[in-house]
Amino acid sequence: MASLPSVVVGNTLKLESEFRKHTSTSLPFEKRNFTTTHLDKTLEPVCLDFREALSVIKDGPNFESSVYAMSIGLQVHSLSIKLGYESNLRVTNSIMYLYLKCGWISDAKKLFDGMEKISLITWNAMIAGHAQMMDIAEDSLSAHRSGVEALNIFLRLNRSNMKPDIFTFSSILTVCSSLVALEHGEQVHTQTIKTGFLSDVVVGTALVNMYSKCGSIKRASKAFVEMSTRTMISWTSMITAFSQHGRSQQALQLFEDMRLVGVRPNQITFVGVLSACSHAGLVDEALNYFEMMKKEYKIKPVMDHFACLIDMFVRLGKLDEAFEFVKKMDFEPNEVIWSLLIAGCRSHGNLELGFYAAEQLLSLSPKDSETYVMLLNMYLSAGRWKDVSRVRKMMRDEKLGKLKDWSWISIRDRVHSFKPDDRSCPPCGEVDILLGDLLEKARPLGYESQGSLEVTDEKDEETTFSSIHHSEKLAVAFGLLNTPNASPIRVMKSISMCRDCHNFFKFISVLTAREIIIRDSKRLHKFVNGHCSCGDFGSLL
DNA sequence: TTAGGGTTAG
């Protein structure tokens, strides 16, 4: 293998500093003084040490800058071919990571398919790259597709003559968590035991996270206890896991244990801690930890921390205090903060504050379909027709269509998808019969179908209709029919659950004596014996 | 001497 050019004509550092200058700014993307021509000029005299240049590009702090970095990446790629490094695995693998990180999936595939020889790192790049695609995907649908593709690549790797390593395992476990694919995750767990890679702290942490995200707090906790070493991230994962499962006391206890053994928490740890307080309505504790974070650990609060605190006040119905906190922030509230307040105002009947928050939210020109639908529902139920048509017009202007309601359930080696308007998906007859049957049984127990508001894309008018065919209902029914009695049902959903479905699953969990775990676009819902781990709060459509 | 992996609220 030819060695890489270590003598740099021009200056790699120059490229680095230019790149940093344009990406570390807090200016909104469109206001940055940043042009490709400018970068071309920077790049021109640079005959690169490819690794260094690429690592600079890949570490771009956000998606937009990464996309811009592609203009450099492409040039580096073609330069690498011109200079004869096409078959240099280190170079090619780096370029693969770059493409995948920037979301250029087809280019990565083209590169992968065209490579004469590949190494384990190439496989790992493809898997980790698809895993990261899940995070930057525009919607849950494409995120899900990336995840499934990552699983397929992992299967292909297993069938090849190469063996996965710690990097493969940690990536694929993350994919399993995002897909709520417990059975795949369990298989990977077994593999990590057989290969001895489970002792790796990153693999162990990924395993904790996988079990938690798949709804099994018991096994997450077991995996955590069995780790021989733990990093701050391992502790944070477990704290967050307890918090997400509504086990606030355990989350806080674990945080104290973490401090006791001298592991320093970070910003993300405190998000877990504060959200645990929020779930349990522990106002004093939350405020104490907030102070501790600032004073003892010198961690600057970010929007996420405020969101936890505001969420806490909103849950308790203390809307004025929530608003006070919003005013106290050093920065402008974002879409999430206003949405929290609006949801709170709706459930606690404080419409005036809700309308005020809605105006603030609209002035941020949100791009998220779900936000618009939430606003639309709010105005509709208040009979504010002027506002209804205003929001509709904004949605038209933003070219936002109907919410894409998809759900997935992973059973054994297969992932099954469901969408409400597709009556051709898996055996629909049986699913319909079961749903009808459950509906009949739920009514005497007190279930009332509420119907739900939805926005149609073509006719530009809302219709109220039964939510009986919402995708997660189909997926859960399919799961009930195709898994052993008493085993939990795990479903992933592309958008927020609606109130009606949320209510319905409580009854189903009683009627079928099953745990029903649904991860929607917002959070984890675990229905056990008529109750949901979200405490019936949270942004339901 | 190596390109690569794990944690964030609603």
Side-chain angles (χ1 to χ4, degrees), chain A residues 1 3-4 6 50-52 54-55 58 88-98 100-101 118-129 131-132 135 164-175 177 192 197 200-210 212-213 220 223-224 227 230-241 243-244 265-279 301-312 314-315 334-344 368 370-371 374 496 520-525 534 537-540:
Chain A
M1 189 186 290
S3 63
L4 292 162
S6 55
F50 295 109
R51 279 179 300 132
E52 195 174 337
L54 285 168
S55 74
K58 280 186 303 183
N88 182 314
L89 271 175
R90 272 183 254 173
V91 172
T92 326
N93 285 336
S94 292
I95 293 170
M96 277 256 313
Y97 266 98
L98 171 67
L100 290 161
K101 279 198 177 173
I118 55 173
S119 63
L120 180 58
I121 294 174
T122 322
W123 286 105
N124 288 349
M126 286 293 279
I127 293 168
Q132 273 160 26
D135 296 333
D165 66 359
I166 49 172
F167 295 92
T168 330
F169 285 131
S170 40
S171 292
I172 203 66
L173 282 169
T174 306
V175 171
S177 347
T192 62
F197 288 140
D200 179 75
V201 67
V202 179
V203 173
T205 305
L207 190 70
V208 169
N209 199 38
M210 186 278 289
S212 163
K213 292 272 163 64
F224 179 77
M227 289 175 80
R230 298 174 192 94
T231 62
M232 178 268 288
I233 298 182
S234 324
W235 288 93
T236 301
S237 293
M238 197 61 231
I239 290 167
T240 306
S243 170
Q244 284 170 339
N266 76 350
Q267 218 179 51
I268 297 173
T269 320
F270 275 103
V271 173
V273 170
L274 293 176
S275 79
C277 296
S278 158
H279 287 292
V302 294
M303 199 78 81
D304 294 347
H305 301 122
F306 282 101
C308 292
L309 294 175
I310 289 161
D311 181 38
M312 175 177 70
V314 165
R315 279 165 184 259
N334 64 3
E335 200 179 331
V336 173
I337 302 276
W338 293 124
S339 300
L340 278 172
L341 288 166
I342 293 167
D368 181 40
E370 283 198 40
T371 304
M374 179 191 73
S496 298
D520 70 8
S521 62
K522 299 284 193 292
R523 60 168 302 134
L524 179 94
H525 299 270
C534 79
F537 203 91
S539 48
L540 300 170

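A quick note: this is a predicted structure, and the numbers were derived from the prediction, not measured. Residue numbers begin at 1 in each chain, while the letters A, B, ... track the order of the sequences.
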Is [X] near enough to [N] that one of its side-chain N or O atoms lies under 4.0 angstrom from OP1 or OP2?
X        : N     : value
A/Asn209 : B/dT7 : yes
A/Lys213 : B/dT8 : yes
A/Gln132 : B/dG5 : yes

Query raised in the report: Any N or O donor-acceptor pair linking the side chain of A/Asp200 to the base of B/dG6 at under 3.5 Å?
Result: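 Answer no: no donor N or O sits under 3.5 Å from an acceptor.
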Query raised in the report: Quick one: does A/Ser170 reach the base of B/dG5 with a side-chain donor-acceptor pair under 3.5 Å?
Result: yes
Tell me every residue that passes side chain to side chain contact (heavy atoms under 4.5 Å, CB included) with [X], counting only those two or more places apart in sequence or in another chain.
X        : result
A/Val314 : A/Ile310, A/Leu319, A/Ala322, A/Leu341, A/Phe537
A/Ser278 : A/Asp311, A/Met312, A/Arg315
A/Ser234 : A/Val201, A/Thr205, A/Phe224, A/Met227, A/Arg230, A/Thr231
A/Ser275 : A/Ser243, A/His279, A/Cys308

Requested in this report: Mind checking A/Val208 for me? I need base, sugar-phosphate or nothing, with any heavy atom below 4.0 Å counting as a touch.
Outcome: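 If one applies the 4.0 Å heavy-atom cut-off, A/Val208 turns out to touch nothing in the nucleic acid.
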**Report entry** Residues forming a side chain to side chain donor-acceptor pair (under 3.5 Å) with A/Thr168, sequence neighbours excluded
**Finding:** A/Asn124, A/Asp165
Report task. Check DNA chain B against residues 303-312 of chain A and give the residues with a non-hydrogen atom under 4.0 Å, in numerical order. Result -> A/Asp304, A/Ala307, A/Asp311
Query raised in the report: Does the ring of A/Phe167 meet both stacking tests against the six-membered base ring of B/dG5: centre distance under 5.5 Å and plane angle under 30°?
Result: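 One would not call A/Phe167 stacked on the B/dG5 base.
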**Report entry** Listed nucleotide nearest any side-chain atom of A/Val336, set B/dG6, B/dA9, B/dG4
**Finding:** B/dA9
